[in-house]
Amino acid sequence: MFATYEEPRWSVWLLFNCTNYQNHPEDAEIGIAVITNGSRISQVQATMCERVCSLCSAPFEEVGQESALTPYLAHDIERFRSSGYAIMKDDEVTG
């Protein structure tokens, strides 16, 4: 028998910027960082393609993906927040 590998629940960060973030107030967020895993990436991407920014109603665009290492999630969260991202879990996005 082969052992099955189960991907960690939180293994990927997807970064989405508001396409109009340059016109947001200086202290406003520029986008959303969503924590997910490989099996849910396409669902999060599809949902975010239909979402609009709550500040300016502009659409979001995906600007990057990063591996998430579970022991360092708190560090990632702080890093993304300080870069201007709201932090969300995939189930909060796809609800």
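A quick note: this is a predicted structure, and the numbers were derived from the prediction, not measured.
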Next on the checklist: Would Gln22 and Asn17 count as a side chain to side chain contact (heavy atoms under 4.5 Å, CB included) here? Give the steps.
Outcome noted: CA-CA 10 Å; Gln22 299 91 343; Asn17 283 5; over 6 Å; no
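- A single hydrophobic cluster is seen to contain both Val63 and Ile87, as judged by linkage of ILVMFWY side chains at heavy-atom distances under 4.5 Å, directly or through other members.
- Within the model, atoms CG of Asp90 and CZ of Arg9 stand 4.0 Å from one another, a figure rounded to the nearest 0.5 Å.
- Interatomic distance, OG1 of Thr36 versus CD1 of Ile41, reported as 6.5 Å (0.5 Å rounding).
- No single ILVMFWY cluster, assembled from side-chain heavy atoms under 4.5 Å apart, contains both Val34 and Leu15.
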Checklist entry - Does the pair Phe80 and Glu66 meet the rule for a side chain to side chain contact (heavy atoms under 4.5 Å, CB included), with working shown? => result CA-CA 11 Å; Phe80 289 129; Glu66 288 190 21; 3.7 Å; yes
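- Under the 4.5 Å side-chain heavy-atom criterion for ILVMFWY residues, a single connected hydrophobic cluster contains both Trp10 and Tyr85.
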Next on the checklist: Go through it in stages, so that I can follow the logic: the residues are Phe60 and Thr47, the test is side chain to side chain contact (heavy atoms under 4.5 Å, CB included), and I'd like the CA-CA distance, side-chain angles, deciding distance and then a yes or no.
Outcome noted: CA-CA 10 Å; Phe60 286 98; Thr47 300; over 6 Å; no
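- Separation of atoms CH2 (Trp13) and CG (Asp76) is listed at 6.0 Å; rounding is to 0.5 Å.
- Checked by atom type and distance alone, the side chain of Glu92 pairs as donor or acceptor with a backbone atom of Lys89 at under 3.5 Å.
- Side chains of Met48 and Leu14 form no contact here, defined as non-hydrogen atoms less than 4.5 Å apart.
- Put simply, CD1 on Ile35 and CE on Met88 are 13.0 Å apart, with the number rounded to the nearest 0.5 Å.
- Across all non-hydrogen atoms, the minimal contact from Arg51 to Val93 is NH2-O, 3.2 Å.
- Atoms CZ and CZ, on Arg79 and Arg81 in that order, are 13.0 Å from each other to the nearest 0.5 Å.
- By the rule that hydrophobic residues join a cluster once side-chain heavy atoms approach within less than 4.5 Å of another member, Ile30 and Ile32 end up as members of separate clusters.
- Between His24 and Glu29, the shortest heavy-atom distance links the atoms ND1-O, 2.8 Å.
- Separation of atoms SG (Cys53) and CZ (Phe16) is listed at 14.0 Å; rounding is to 0.5 Å.
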